[in-house]
Amino acid sequence: MSTFDDFDDVGAFEAASLSSRAMAARPTPYLDELNPAQRAAVEAMDGPVLMLAGAGTGKTKALTSRIVHMLMTGRARPPEILAVTFTNKAAREMKERVARMLGQPIEGMPWLGTFHSICVKLLRRHAELVGLKSNFTILDTDDQLRLLKQLVQAAGIDDKRWPARQLAGIIDDWKNRAITPERVPTADAGAYNHKAPRLYAEYQTRLRELNAVDFGDLLLHMVTIFQQHPDVLEQYQRWFRFILVDEYQDTNVAQYLWLRLLASAHKNICCVGDDDQSIYGWRGAEVGNILRFEKDFPGAHVVRLEQNYRSTPHILAAASGVIRGNSDRLGKELWTEAQDGEKVRLIGHWDGEEEARWIGEEIEAIQRGTRGMRPYTLDDMAILVRASHQMRAFEDRFLTIGLPYKVIGGPRFYERLEIRDAMAYFRLVVSPDDDLAFERIVNTPKRGLGDKAQQTIQRIARANGVSLVDGAALAVEMGEIKGKGAKALAQLVTDLARWRRMTRAVVPVQSDDIIDDETRPMEGSPEVSHIELAQIILDESGYTEMWQNDKTPEAPGRLENLKELVKALESFENLQGFLEHVALIMDNDKGDEGAKVSIMTLHAAKGLEFPVVFLPGWEDGLFPSQRSMDESGLKGLEEERRLAYVGITRAEEVCTISFAGNRRIFGQWQSALPSRFIDELPEEHVEVLTPPGLYGGGYGAAGMGGGMSGGMSSGVEARAAEANVYNSPGWKRLQERSQQRPISQPRESRASAIDLEAVSSFTMGERVFHQKFGYGAIIGIEGDKLEVAFEKAGTKKVVARFLSASDDIPF
DNA sequence: GCTGAGTAACTTTTT
DNA sequence: GTTACTCAGC
């Protein structure tokens, strides 16, 4: 807010030009570190520039060099550069890198930030133009939904048939497309039982009454202001002499319009992006924006960054092979000077559990360096999944084998203010020495303990070498804190001690320091579960009450979150266990003690890189996601393919793709075919690994199904173990492919023999057995799939290879 | 009004 | 299988 002083000040503007000229003679050593393409992108400063930067081609380097170049050559002062990113993280990194390159802390690049943060700044200045006050509040998704629920209810709509969440989605979509309530296209008007347009208008009115905006509004309001107030627009067009946009392929229509309005005068806009990495279409991103750039800005200078500094040629070739399947592309071909390295490794498994088990073992083997590669640390490795529910299998497995891991991009729940407050109370009860926690809650809720009282507590605690809690007790005793505050503080201290006794009544604290008579569990001290205790703490501390009395629109949501927090305790034995768990989650960006394998979604992995990458779950339906294809058809499939491209290009040296023949989805076992993207991997860059179950041991068969554990002859067991892998559809497809090529797997002949057997051995009506579904009868045959009516699992379509004639299994 | 049971839904996520 | 949300019952 304070940075607005930079504006409107003609004097400052003139001064800027002057100082610019003074800077013009500075050397430009950073240019020598760039390759020709990067350098071209940096030096083309005037007019529109599209920097098509493939994965790992030094995009950020080029972008930051460009900023530095503008500053060093005196073309612009820091505040005259508008540089937008999507995430705070990206903005932070860019700031740091520019500062590092300049060799000095960067004073004032006030307009380097996310779309949203920049729009907040702008909107606070011009809020009145859209009927807001400059101190408007920003609603998060929860607040937004709650508001919409109220409106839906008030409109007498059955929110069971028409969930508010759906309406929220529609409105978000409109806002992403810069559609105001008056301009809802007729094609969209039928949404939400024809009531969406009216509810949208009501929602906007309500927001205005509350002096609030949602995330979408930040952009939308600014676009509206720029469109309706040419004078305002002109001011910024003049001020922002150069515009840079990161991840341009992720911009939505509103962001696009906003940029185009700002750039339309001088057209000094440089957009950086990669159409092949556009993976956010589902939240409004328009690949079209980047595809259309040259039409939007005629005469645009297009620079392709294609030299990759990240991955081996095999990995790049595999990624290229996949992305080639997309039609709407600007076209880039990554190349590298790196040595060949490992081929992309491909492996099929019987089911998801086995996949997790194999990856766990493989990670340990790679870590030990027993895979014929250089040894890697756990930090070097990452598992990238399509959907977050896939993470569970890995977490379960890694917990049992004690493999350290971290989940990236987990819930943001624990970052909320009220959750942090509540956690601070819990922490203080579990460990009274937690001074940070004490500081956080000492005056929350308000206890009349301001800065002064807190300083007193600090001083006394430090003087006596005790924790803040003890210091607070002393301060009261010594009469250093008086009046209302003293009473409240004394109450807090005794409450904390009392709650602590209640923990001890159930779970003894391990660090038994200072157990005096006061803190020892008293006879008849109430025995409560940690869940009840948590509730007691929140209630008796007055924290719950504080939010109940709060009239702001976010208060109900905060209370709901607190309820959720208490509920989250249910899956833990005690408060300590819970706190440790949460501490780990919260630590995942800072506390990096000890190397850990990273687990994250493909979306979360964008922009990251790892020497060793595992890409599990490459099965049709999961990846590419069935839903994506159903909802968005070919467009959806292409986005999934880009996701695959993003995944592969995260890998620097070793990339392992895997799939499972069977997976439990929503409690139901489903068999699946390997992802079509696997077919698109160029074979000369792929090495097919042999799954462990092949070696005949009972290991692979062990987890397969309870029904076969007893009384099975060893011959059958061996066959079942083979069936694990040989009979999986994915394996079969691999075999078919390797048959076409001279490079074949050692066991090919045996496998295909079994295949042939499997194909021909079933007839209509035959009684069959399936490892997961149990017994059933064949009621239909379609190509390589059989329709089977299972006794327990219902009718399913299964691939023949998963079935055995029922008399194979002796009972 | 709150708890318990039953049911429906169930990608991806930043701001 | 899990979770979140709704409805019924206390």
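Quick note on labels: first sequence line is chain A, next is B, and so on, each numbered from 1.
- Checked by atom type and distance alone, the side chain of A:Glu619 pairs as donor or acceptor with a backbone atom of A:Ala660 at under 3.5 Å.
- The separation of B:dT12 from C:dC5, taken at their C1' atoms, amounts to 23 Å, rounded to a whole angstrom.
- Checking B:dT11, B:dT15, B:dT13 against the side-chain heavy atoms of A:Phe215 singles out B:dT15 as nearest.
- Minimum atom distance to the side chain of A:Arg627 is reached by B:dT11, of the listed B:dT14, B:dT11, B:dT12.
- Side-chain N/O atoms of A:Ser388 include none lying less than 4.0 angstrom from OP1 or OP2 on B:dT11.
- A donor-acceptor distance shorter than 3.5 angstrom exists from the side chain of A:Arg641 to the backbone of A:Gly325, with no hydrogens or angles considered.
- Between the P atom of B:dT11 and the CZ atom of A:Arg283 lies a distance of 17 Å, rounded to the nearest Å.
- Considering only side-chain atoms of A:Ser625, the nucleotide from C:dT2, C:dC5, B:dT11 that sits closest is B:dT11.
- For A:Thr601, a side-chain nitrogen or oxygen approaches OP1 or OP2 of B:dT13 to under 4.0 Å.
- For a distance-only test at 3.5 Å, the side chain of A:Arg386 qualifies as a donor-acceptor partner of the base of B:dT12.
- You'll find the side chain of A:Phe394 stays beyond 4.5 Å of the side chain of A:Val597, heavy atoms only.
- Closest to the A:Arg664 side chain, of the nucleotides B:dT11, B:dT15, C:dG1, is C:dG1.
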Compile the donor-acceptor pairs under 3.5 Å between side chains in residues 166-173 of chain A and protein atoms, sequence neighbours left out, one pair per line.
residue	atom	partner	partner atom	Å
A:Asp172	OD1	A:Gln144	NE2	3.1
A:Asp173	OD2	A:Arg177	NH1	3.0

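- For A:Trp282 and B:dT12, the ring-to-base geometry satisfies the stacking test (centroid distance below 5.5 Å, interplanar angle below 30°).
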